[in-house]
Amino acid sequence: MTARPVVLMPACQSASGQQLHVIGQKYVDAVRLAGGLPLVVPSVQLHELDELLALADGVCLTGSPSNVHPRHFDEVVHDTALPLDTRRDDWTLPLIPRVLALGMPLFAICRGCQELNVALGGSLHQAVQDQPGFQDHRAREDQPAEVQYGPSHPVQVVPGGLLDTLIGNASFQVNSLHGQGIKRLADRLRVEARAPDGVIEAVSLADASGFTLGVQWHPEWQARDNPVSMKLLRAFGDACQSFRERRQKTAHEAVVRLPVP
């Protein structure tokens, strides 16, 4: 058995027209930086969810070029030119409540943060830039990755929350590459940080029994050189390791209590 905690990472359905499952290397690298053993998971049948979670000590919901389908919050698609990934929706949205019920650590990034909100009953702005008072949070696609993922705006941390505890900074710079954003916050979530225009940039689970954090930016980008990213990753990795140790202890105690034949 590996000493590192196993972190499930959902793959996306490729939009290339072929039946491929893909994930960004930067997410896999970030989980390794957190001290976890990344386990990339393809499209999953619902009856397989509990079997997968029995293998896991944490879940990292990654970002993606695709959007969460708006049918999950009772809206129709406003821009049919934007990519969707309904196969990912079909299993990550049911996965999230199971993860939270187990108290298993969950780190949700960009699309993952939006999935967390939708899975718990919240809704999304399909185009943040079209909302009155909000800025355009999308990256320019004609720019190289180093520019797209460069610092874009500050976020203001809400005092007394999980992010405040982990980071200790009232404000710090983040990148910004999203078109969708949280509209109606799910009842179980609390706001952890906002952009200057008021867009929700981070959330946590108000009644969490374990580490649960969603961020709208991309902390995985060049994480090793970013002190804020490393604090988040280490906290997630530590939570996964603690979950693993608790689960192993519980399993050991159950074996010890078995009657001797």
Side-chain angles (χ1 to χ4, degrees), residues 7-12 22-36 38-41 56 58-68 83 85 88-89 91-93 95-96 99-100 104-120 122 124 128 137-139 145 148-153 155 157 162-163 166-167 172-182 186 189 191-195 199-205 208 210-237 239-240:
V7 178
L8 298 186
M9 308 183 71
C12 296
V22 297
I23 189 169
Q25 180 67 45
K26 63 185 187 294
Y27 298 107
V28 175
D29 292 342
V31 165
R32 289 197 173 106
L33 279 176
L39 178 59
V40 178
V41 183
V59 173
C60 178
L61 296 173
T62 69
S64 171
S66 68
N67 290 324
V68 177
D85 189 346
R88 172 165 164 164
D89 294 342
W91 77 273
T92 55
L93 296 181
L95 173 76
I96 290 169
V99 172
L100 300 181
M104 183 178 291
L106 173 66
F107 192 18
I109 298 171
C110 198
R111 187 195 207 272
C113 182
Q114 296 165 12
E115 288 173 321
L116 172 60
N117 187 57
V118 171
L120 297 183
L124 304 175
V128 170
H137 286 250
R138 297 172 297 178
Q148 292 185 30
Y149 284 89
S152 178
H153 61 74
V155 295
V157 177
L162 175 61
L163 200 59
L166 297 177
I167 303 300
F172 54 90
Q173 291 284 328
V174 299
N175 49 38
S176 185
L177 299 92
H178 62 100
Q180 290 193 329
I182 292 176
L189 297 180
V191 176
E192 291 284 341
R194 290 184 183 271
V199 168
I200 295 173
E201 288 283 339
V203 297
S204 66
L205 189 67
F211 179 102
T212 303
L213 180 66
V215 299
Q216 188 56 76
W217 69 92
H218 286 267
E220 81 287 350
W221 174 256
Q222 297 181 347
R224 190 186 299 274
D225 300 320
N226 187 310
V228 169
S229 294
M230 288 306 300
K231 287 180 180 178
L232 298 181
L233 290 174
R234 288 187 182 116
F236 174 59
C240 292

Does E192 have any side chain to side chain donor-acceptor pair (under 3.5 Å) partners at least two apart in sequence or in another chain, and if so, which? R190, S204
Are C113 and I200 close enough that some pair of their side-chain heavy atoms sits under 4.5 Å apart? no
Listed partners of F211 passing ring-ring contact (aromatic ring centres under 6.0 Å, His included), at least two apart: F236
Output all residues satisfying ring-ring contact (aromatic ring centres under 6.0 Å, His included) with Y149, sequence neighbours left out; order by chain, then residue number. H218, W221
For D89, the side chain to side chain donor-acceptor pair (under 3.5 Å) test, sequence neighbours excluded, returns R111
Test side-chain contact (heavy atoms from CB on, under 4.5 Å) applied to L213 and V203, I109, L163, L205, the passing residue: L163
Going by side-chain contact (heavy atoms from CB on, under 4.5 Å), name the residues that satisfy it together with V40, two or more places apart in sequence or in a different chain. A11, I23, V28
Q180: side-chain contact (heavy atoms from CB on, under 4.5 Å) partners, not counting sequence neighbours: N67, V68, Q114, L124, Q126
Aromatic rings W217 and F172: how do their planes relate, parallel, tilted or perpendicular, breaks at 30° and 60°? perpendicular
Go through the steps for V59 and I96 under the test side chain to side chain contact (heavy atoms under 4.5 Å, CB included), then give the verdict. CA-CA 9 Å; V59 173; I96 290 169; over 6 Å; no
For H153 and A195, work out which heavy atoms get closest and say how close. CE1-CB, 3.6 Å
Excluding sequence neighbours, so at least two apart, what forms side-chain contact (heavy atoms from CB on, under 4.5 Å) with R234? M230
Could you name each residue pair satisfying salt bridge (Lys or Arg N to Asp or Glu O under 4.0 Å) that touches residues 215-225, not counting sequence neighbours? K26-E220
Under 3.5 Å, is there a donor on one side chain and an acceptor on the other for Q222 and N226? no
For T212, enumerate each residue passing the side chain to side chain donor-acceptor pair (under 3.5 Å) test, keeping only those at least two apart in sequence or located in another chain. none
Applying side-chain contact (heavy atoms from CB on, under 4.5 Å) to S152 and not counting sequence neighbours gives S176
